[in-house]
2 protein chains.
Amino acid sequence: MAERKRPGHLARAVTKQAERKERGDLYAPLCPSRGVLEHVTSRWGVLVLVVLLQGTRRFSELRREVAGVSEKMLAQTLQALEQDGFVLREVYPVIPPRVDYSLTPLGREVAGHVEVLTDWIEENLSRVLEARKRHVPKRGTEE
Amino acid sequence: MAERKRPGHLARAVTKQAERKERGDLYAPLCPSRGVLEHVTSRWGVLVLVVLLQGTRRFSELRREVAGVSEKMLAQTLQALEQDGFVLREVYPVIPPRVDYSLTPLGREVAGHVEVLTDWIEENLSRVLEARKRHVPKRGTEE
DNA sequence: CAGAATCCGATTTGATACTG
DNA sequence: CAGTATCAAATCGGATTCTG
C-alpha cells in the first residue's frame with residue numbers, strides 16, 4: 001500500500017480518459033463536486049434536507065421548523081438544492097399562494113446520508129461536550 | 001401519525017426532564033449541537049476528516065492533500081475539530097517541529113458518516129450536473 | 001516545519017421593507 | 001403566503017509577516 005492517497009476515488013484508476021459518466025473529485029479544487037458538497041453541507045441545507053425527509057413542506061413550515069433561518073437564507077438554500085435536483089418545488093396558482101417543497105429521488109438519497117450524520121451528532125453531543133471541557137484552551141501554564 | 005414533527009429525535013419522548021446524558025436538538029437554535037454540526041460540515045472540516053480517515057497526517061501534508069485550503073483556515077479547522085474531540089494533535093519537540101494529526105475514536109465515527117456522504121457526492125456528480133442543465137434559471141419566457 | 005498575528009477586501013447574513 | 005430587493009453588520013478567508 002502506497003498508492004492510495006486520495007480518500008474518495010482511491011485505488012480506482014480513473015485515469016482512463018473520461019471513461020464513464022464522470023465521477024467527481026472533491027480533492028480537485030475546481031471540481032464542481034465541491035459546490036454540490038457545499039450546498040448539501042451548508043448551514044441551512046443540512047437542516048432543510050433532513051426536515052424534507054419527513055415529508056413535503058411549505059415555505060412557511062420550513063421557516064418554522066428550521067428555527068433561526070431567515071426568509072432570505074431559506075429561499076436561497078432551497079434554490080440551490082432545487083437547482084442541484086435534490087428538491088422539487090411545486091407552485092399552486094391559488095390565492096393565497098401555495099408552494100410545496102419536497103425531495104426528489106436524488107434528494108432522498110443524499111438526505112438519507114445527511115440524516116445519519118445529524119442523528120449521530122445529536123446522539124453523541126454529550127461526548128463532544130465532554131471533550132470540550134477536557135480540552136485545554138491554550139497549553140496549560142504548566143504540565 | 002401526527003406527532004412526529006422533528007426529524008432528529010422524533011417519536012422519542014425525550015420530555016422526561018434531563019433524563020440521560022443529554023441528547024442534542026439541532027432544531028433548537030441555541031443547542032450546541034448546531035456548532036458541532038458546523039464544525040463537521042464546514043468547508044474544510046469535511047475534507048480534513050475524510051483525509052484523516054486514511055491515516056495520520058502532518059500539517060503540511062494536510063495542506064497539500066486538502067487542495068485549496070490556506071494555512072489559516074486549516075489551522076482554524078483543525079483547532080475546532082480538536083476541541084470537539086474529533087482530532088488528536090501530537091507535538092514532537094524536535095527540530096524542525098513536527099505535529100501529527102489523527103482521528104480519535106470519536107472522530108473516526110463521524111468521519112465515517114461524512115465519508116459516506118462525500119463518496120455519494122463524488123459518485124453521483126453526473127446526476128447532479130444533469131439536473132442543473134435541465135433546470136431553468138428563471139421561469140421560462142413561456143411555458 | 002508549524003503555526004500565530006495582522007491587515008483588509010470579498011462574501012455572507014440578517015433585519016427590514018416591498019410586491020404579486 | 002411566498003418570496004424579492006436593499007442596506008448595513010458580521011464573517012470569512014487569503015496574503016503577508018513574524019516566531020520558536
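Just so it is clear, the model here is predicted, and its values are computed rather than measured. A note on names: the letters A, B, ... follow the listed sequences, proteins ahead of strands, and every chain is numbered from 1.
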Asks: Under the 3.5 angstrom rule, does the side chain of R63(A) hit a backbone N or O of V69(A) as a donor-acceptor pair?
Replies: yes
Asks: In this structure, how many angstroms lie between the P atom of dC1(C) and the CZ atom of R57(B), rounded?
Replies: 17 Å
Asks: Which sits closer to the 5' end of DNA chain D, G68(B) or P96(A), going by the nucleotide each is nearest to?
Replies: P96(A)
Asks: Would you say R43(A) reaches dT12(C)'s phosphate, i.e. side-chain N/O to OP1/OP2 under 4.0 Å?
Replies: no
Asks: Identify, between W44(A) and Q79(B), the residue whose nearest nucleotide on DNA chain C lies closer to the 5' end.
Replies: Q79(B)
Asks: Counting only side-chain heavy atoms from C-beta out, which of dG3(C), dG14(D), dG20(C) sits nearest to P97(A)?
Replies: dG20(C)
Asks: To the nearest Å, how far apart are L47(B) CG and dG13(D) C1'?
Replies: 16 Å
Asks: Distance check needed: dA2(D) C1' versus I95(A) CD1, whole Å only.
Replies: 13 Å
Asks: Please report, rounded to the nearest Å, how far the P atom of dG3(C) is from the CG atom of L78(B).
Replies: 7 Å
Asks: Taking the minimum atom-to-atom distance to the side chain of S70(B), which one of dT4(D), dG14(D), dC1(C) wins?
Replies: dG14(D)
Asks: Please give, in whole Å, the distance from dC12(D) C1' to E71(B) CD?
Replies: 17 Å
Asks: Indicate yes or no: does R127(A) engage E22(B) in a salt bridge with an N to O separation below 4.0 Å.
Replies: no
Asks: Please work out if R63(B) contacts a base, only the sugar-phosphate, or nothing of the nucleic acid, heavy-atom cut-off 4.0 Å.
Replies: nothing
Asks: Whole angstrom is fine here: how far is it from CD in E61(B) over to C1' in dA2(C)?
Replies: 13 Å
Asks: OP1 or OP2 of dC1(C) versus the side-chain N and O atoms of Y101(B): is any pair under 4.0 Å?
Replies: no
Asks: Take atom NZ of K72(B) and atom C1' of dT6(C), then tell me their distance rounded to the nearest Å.
Replies: 9 Å
Asks: Between M73(A) (CE) and dT11(C) (C1'), how many Å, whole number?
Replies: 11 Å
Asks: Hey, mind stepping through Y92(A) and R58(A) against side chain to side chain contact (heavy atoms under 4.5 Å, CB included) and telling me if it holds?
Replies: CA-CA 11 Å; Y92(A) 300 93; R58(A) 298 180 57 173; over 6 Å; no
Asks: CD of E130(A) to CG of L106(B): how many Å apart, nearest 0.5 Å?
Replies: 11.0 Å
Asks: Between R57(B) and Y101(B), is there a side-chain donor-acceptor contact under 3.5 Å, judged purely by atom types and distance?
Replies: no
Asks: Taking OP1 and OP2 of dA2(C), is either one under 4.0 Å from a side-chain nitrogen or oxygen of S60(B)?
Replies: yes
